[in-house]
Every structure is written in structure tokens, then in C-alpha cells.
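Right, one structure below, let's go through it.
Start at 1 and go down the list; that is how both ligands and their atoms are numbered. All values derive from a computational prediction rather than experimental measurement.
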Amino acid sequence: MPHPTFPNLTVLDHPLIQHKISILRDRRTSTRDFKQLVNEIAMLMAFEVTKDLPVVPVDVETPLEQTRGYQVAGKKLVLVPILRAGLGMVEGIAQLIPSARVGHIGIYREHDTLTPVEYYFKIPAGGDARDFFVLDPMLATGGSAVDAVSALKKAGAQRIRFLCLVASPEGVGKLGAAHPDVPVYAAALDRALNDKGYILPGLGDAGDRLFGTR
Ligand code: PRP
Ligand code: URA
């Protein structure tokens, strides 16, 4: 159900997601467990986010008789992690949707100004006919997300969803204002940003915790 304050936001608060997000937030959680939990939460989220994908009927021959089955319609969907931390969400979703293609967008936040800097962009051809899932665990100021979606649209993408683990009110608002057509799915909507642009209570620096670079 859409959030009452943010029409672009759906918070996926399944009990298993809440449980896993709480372990993820814990500063004592190891890099190995962090990585596994990010993938598991992404997989659980993908199950919900894909529930309205259109299907087409197909004929299936069981060992006993012919029957009617269904397959997801259209071109293969595209997972687009925002580097680095978005990479942590790819494997979990790809286990659920093995046919998914993967594009990459490299963006980092400039340390002092928090301005996003794009350094890499590569997505599969035929973007106008595909569904894109942009992946990033953190939606903080929203700058990286807005730029990633703008870059995808410039390349022809029309159907884009944004999946994150933890969102801030500022980030959801900024993404909604810039791209009202892009639904945002989050495992949690947190309270605020601190003066360094970190989400509170958040989970710290997602990239560093995923890749052990702290
Ligand atoms: C983090 C995070 C998002 C971005 C969110 O990446 O993974 O991409 O910050 O912040 P924003 O909403 O204020 O733009 P970071 O810049 O730390 O890059 P990294 O993953 O390469 O470390
Ligand atoms: N990026 C992160 O990794 N964490 C935050 O809290 C904000 C941006």
C-alpha cells in the first residue's frame, strides 16, 4: 500500500524483512552476514515488487497431459545496481529472476558537498521495452537516485522502479519531485539525515559494510 505522506513510496514491512533489517542495522553484524542479509532482503522485496508484472499464457506438456501455464511477458527485465553498494542486492534478486539482465551505473557522493558524481553507465539495448529495477541500499539526500533515474531515462528507459533498503524522508521527497512516475520500494523509512548526509538511525555506510572497506 502506498505511504500516506509519500504517494511514490511503498514500505515493504513483511515481518521477515523487519527482522533482517534490524540485524543489518546492528553495528556488530559482520561483513559476511551483512552481505548475506542484503541479498536476502532484496530477494524478499523483489517478490513483492514483481507481483504486478504481466504474464502471458503458454502451453505446457506435463508427464501426463497438456495444460495451460504462464510466463512473464515482454523483454527480460533489467537490474541496475548503483555502484558500489547496489551490487549487494543483485545476487538475491537474480536468484529469483535468473533471466534478468544487469546494467550498471557508477555514482559516488562527493565527500564534502554530497553532490553525486557519475563515472560509469552501461545498460542492455532495447531499454524502451524493458522494466528497470534500480538498486541501492541507501536513499539518503536522493541525489544519486535522481541522477541514476535521469541517466536511465536519457538512455530510453520508460518503466523504472527504485528499490532500496533504507530511505530517508528527504530522499523519497526529492526522488518523487524529480521523477513522480518512478515507484520507490523501501524496507524501512527512517527518521532523518544527519549533517553529513547519513540516514538516522540508518545502518551506517552501506558500501563500506558490504565490502569491508571501513
Ligand atoms: C551511497 C549509497 C548511495 C548514496 C546515497 O553511496 O550507496 O549510492 O550514497 O546517498 P544520496 O541519496 O545522498 O545520494 P556512496 O556515495 O557512499 O558510494 P559507494 O557506494 O561507492 O561507497
Ligand atoms: N550512504 C550510506 O551508505 N549510508 C547513509 O546513511 C547515507 C548514504
Side-chain angles (χ1 to χ4, degrees), residues 3 6 8-9 11 20-31 33-39 41-42 45 79-93 102-123 132-153 160-180 182-214:
H3 190 273
F6 300 106
N8 57 331
L9 175 68
V11 178
K20 289 174 192 292
I21 277 283
S22 302
I23 305 174
L24 208 58
R25 290 189 192 277
D26 190 328
R27 63 186 309 156
R28 295 166 302 181
T29 297
S30 67
T31 293
D33 290 347
F34 195 91
K35 205 178 290 178
Q36 176 157 346
L37 285 159
V38 168
N39 268 314
I41 297 166
M45 290 179 69
L79 309 178
V80 186
I82 299 180
L83 309 179
R84 289 178 299 167
L87 287 172
M89 299 170 71
V90 172
E91 192 50 43
I93 302 179
V102 182
H104 295 87
I105 300 183
I107 298 179
Y108 68 88
R109 295 197 306 180
E110 211 275 315
H111 189 263
D112 297 319
T113 61
L114 304 181
T115 311
V117 180
E118 188 181 324
Y119 60 90
Y120 188 77
F121 185 89
K122 185 86 179 174
I123 60 166
F132 288 84
F133 289 7
V134 181
L135 313 176
D136 195 326
M138 311 307 282
L139 178 59
T141 65
S144 305
V146 168
D147 278 16
V149 171
S150 299
L152 277 177
K153 285 184 175 175
I160 303 170
R161 305 173 200 212
F162 189 87
L163 279 69
C164 60
L165 303 192
V166 182
S168 76
E170 291 87 337
V172 176
K174 183 165 178 165
L175 186 51
H179 298 294
V182 174
V184 178
Y185 300 88
L189 176 64
D190 276 11
R191 192 177 77 247
L193 293 178
N194 71 10
D195 59 3
K196 294 191 166 57
Y198 277 82
I199 301 176
L200 298 173
L203 47 75
D205 189 306
D208 282 348
R209 294 194 68 188
L210 259 174
F211 297 109
T213 46
R214 229 174 330 171

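Of all atoms in ligand 1, numbered sequentially from 1 with element shown, those under 4.0 Å from a heavy atom of A85 are 7 (O), 20 (O). Close approach of ligand 1 to R84 (heavy-atom distance below 4.0 Å) involves ligand atoms 19 (P), 20 (O), 21 (O), 22 (O). For ligand 2, the atoms closer than 4.0 angstrom to any heavy atom of A140 are 7 (C), 8 (C).
At a heavy-atom distance under 4.0 Å, atoms from both the backbone and the side chain of T141 approach ligand 1.
Note that CD of E118 and CD1 of I82 are 9.5 Å apart. Values are rounded to the nearest 0.5 Å. Interatomic distance, NZ of K20 versus CG of N39, reported as 11.0 Å (0.5 Å rounding).
The protein atom (non-hydrogen) at minimum distance from atom 3 (O) of ligand 2 is A206 N, 2.8 Å. Among protein heavy atoms, the minimum distance from atom 6 (O) of ligand 2 is reached at I199 N, 2.8 Å. Of all protein heavy atoms, the one closest to atom 14 (O) of ligand 1 is S144 OG, 2.6 Å. Looking only at protein heavy atoms, the nearest one to atom 3 (C) of ligand 1 is D136 OD2, 3.0 Å. The protein heavy-atom contact nearest to atom 17 (O) of ligand 1 is D205 OD2, 4.2 Å. Protein heavy atom nearest atom 5 (C) of ligand 2, with residue, atom name and distance: Y198 CD2, 3.5 Å. Among all non-hydrogen protein atoms, the one lying nearest atom 15 (P) of ligand 1 is R109 N, 4.2 Å. Nearest to atom 8 (C) of ligand 2 among the protein's heavy atoms is R109 NH2, 3.4 Å. Here the heavy atom of the protein found nearest to atom 4 (N) of ligand 2 is G204 O, 2.8 Å.
A heavy-atom distance below 4.5 Å is not found between the side chains of M138 and D205. The side-chain heavy atoms of V102 and P81, taken from C-beta on, include a pair separated by under 4.5 Å. Considering only heavy atoms from C-beta on, V182 stays 4.5 Å or farther from F132 through its side chain. At least one side-chain heavy atom of F6 sits less than 4.5 Å from a side-chain heavy atom of L189.
Put simply, part of G142 is less than 4.0 Å from ligand 1, judged by heavy atoms. The shell of residues lying under 4.0 angstrom from ligand 2, judged by heavy atoms, includes G197.
Counting only distance, with no hydrogens or angles, the side chain of T29 and the backbone of I23 share a donor-acceptor pair below 3.5 Å. Panel note: side chain R109, backbone G143; no donor-acceptor pair is recorded below 3.5 Å.
Considering backbone and side-chain N/O of Y108, none are found under 3.5 Å from N/O of ligand 1. For a threshold of 3.5 Å applied to N or O pairs, the pair formed by A145 and ligand 1 contains no separation below that value.
The heavy-atom pair separating L193 from E170 by the smallest distance is N-OE2, 3.7 Å.
A salt bridge links D208 to R84: at least one charged side-chain nitrogen sits closer than 4.0 Å to a carboxylate oxygen.
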**Asked** How far apart are the C-alpha atoms of N8 and H179, what are their side-chain angles, what is the distance that settles it, and do they pass the side chain to side chain contact (heavy atoms under 4.5 Å, CB included) test?
**Response** CA-CA 9 Å; N8 57 331; H179 298 294; over 6 Å; no
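For atom 6 (O) of ligand 1, the nearest protein heavy atom is 4.0 Å or more away.
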